[in-house]
Amino acid sequence: DAMVIQNPRYQVTQFGKPVTLSCSQTLNHNVMYWYQQKSSQAPKLLFHYYDKDFNNEADTPDNFQSRRPNTSFCFLDIRSPGLGDAAMYLCATRRGNSPLHFGNGTRLTVT
Amino acid sequence: QKEVEQNSGPLSVPEGAIASLNCTYSDQGSQSFFWYRQYSGKSPELIMFIYSNGDKEDGRFTAQLNKASQYVSLLIRDSQPSDSATYLCAVTLGAQKLVFGQGTRLTINP
C-alpha cells in the first residue's frame, strides 16, 4: 500500500546531541511537511517542501534543519536538541489541494 | 489574529446528539479546508475536506463552508462514544502552507 513511513517511531537523544528523523513516501506526492506537536497542542508547521523549493516558517528555530534529497525522502535534523524540543514530529505529504497523508510520527525524548 | 482559530473546548455532547465544531480563518484567499480527528498519541486522520461554499455530507459527518464569513464547521450526527477525540481544523494558506487550528476536544457521554 502507498504510504508515508516515519523512522524511528521513538527516539531518545541527549541534550545537545544531534538527531535526525526520517520520512519516506511511496505516494509520489510533490509536497512534504514537517510538523511539531507537543502534548495537548495542535500540530505546528516547521517547514515544507514544494517540489524542491524549501519553505521555512518564520518562527522555526535555526536549530531545526531539513533535507529532501529526492521526491521520496525528507529528513528533519535537530542540531542541538533542548528539553523543549521533546515532542511528536509528524511528516505529511500531499499533491495539489488534496488532503494531507500523515506518517505515524516520531516521538522524541530529550534527556 | 491567529491564522486558524477553534474553540479549544472541551465540548461535551450526549450520545446520539449532534456535535457542532467551528473554525475561523484569517486568509480570504484560502481555497481548501480539512477536518482531522486525532486520538491521543496518534497521528491525525482525515474526516472531511471541502473546497466550495455550502455543505458537504459524508455519512454522519457534514462540513459547512462560508468563504464570505471565513468560517468552516463540522457537524457530527448521532454522536457515538468512539467520536470522542480532538478535532483539528486545517486550512491551506497561500500556495501550499497548511496550518492547523488549536483543536477542539470533544467528549461524547453515554
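Below, each value reflects all heavy atoms present in this structure, side chains not excepted, and no hydrogens, waters or symmetry copies. Below, chain A is the first sequence line, B the second, and so on; all start at residue 1.
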* Option among A/Met3, A/His48, A/His29 that satisfies the side chain to side chain contact (heavy atoms under 4.5 Å, CB included) test with A/Thr93 -> A/His29

* Heavy-atom distance under 4.5 Å to chain A: side chain of B/Gln6, backbone, both or neither? -> neither

* Test ring pair (Phe, Tyr, Trp, His ring centres under 6.0 Å) on B/Tyr25 and B/Tyr71 and set out the steps. => CA-CA 7 Å; B/Tyr25 58 94; B/Tyr71 173 90; 9.2 Å; no

* Just give me the residue among A/Ala92, A/Ser39, A/Gly96 that pairs up with chain B most often, heavy atom to heavy atom, under 4.5 Å. => A/Gly96

* Tell me, side chain or backbone of A/Asn97 under 4.5 Å from chain B's heavy atoms, or both, or neither? -> both

* Measure up the B/Phe34 and B/Phe49 rings against each other and bin them: parallel (under 30°), tilted (30 to 60°), perpendicular (over 60°). => tilted

* Structure fact -> Most heavy-atom pairs under 4.5 Å with chain A, out of B/Gln102, B/Arg105, B/Gln96, belong to B/Gln96

* Asked: Is there a donor-acceptor contact under 3.5 Å from the side chain of B/Arg77 to the main chain of B/Gly59?
  -> yes

* Asked: Hey, would you say the A/Tyr33 and A/Phe47 ring centroids sit under 6.0 Å apart?
  -> no

* **Toward chain A, the part of B/Leu98 with a non-hydrogen atom under 4.5 Å** => both

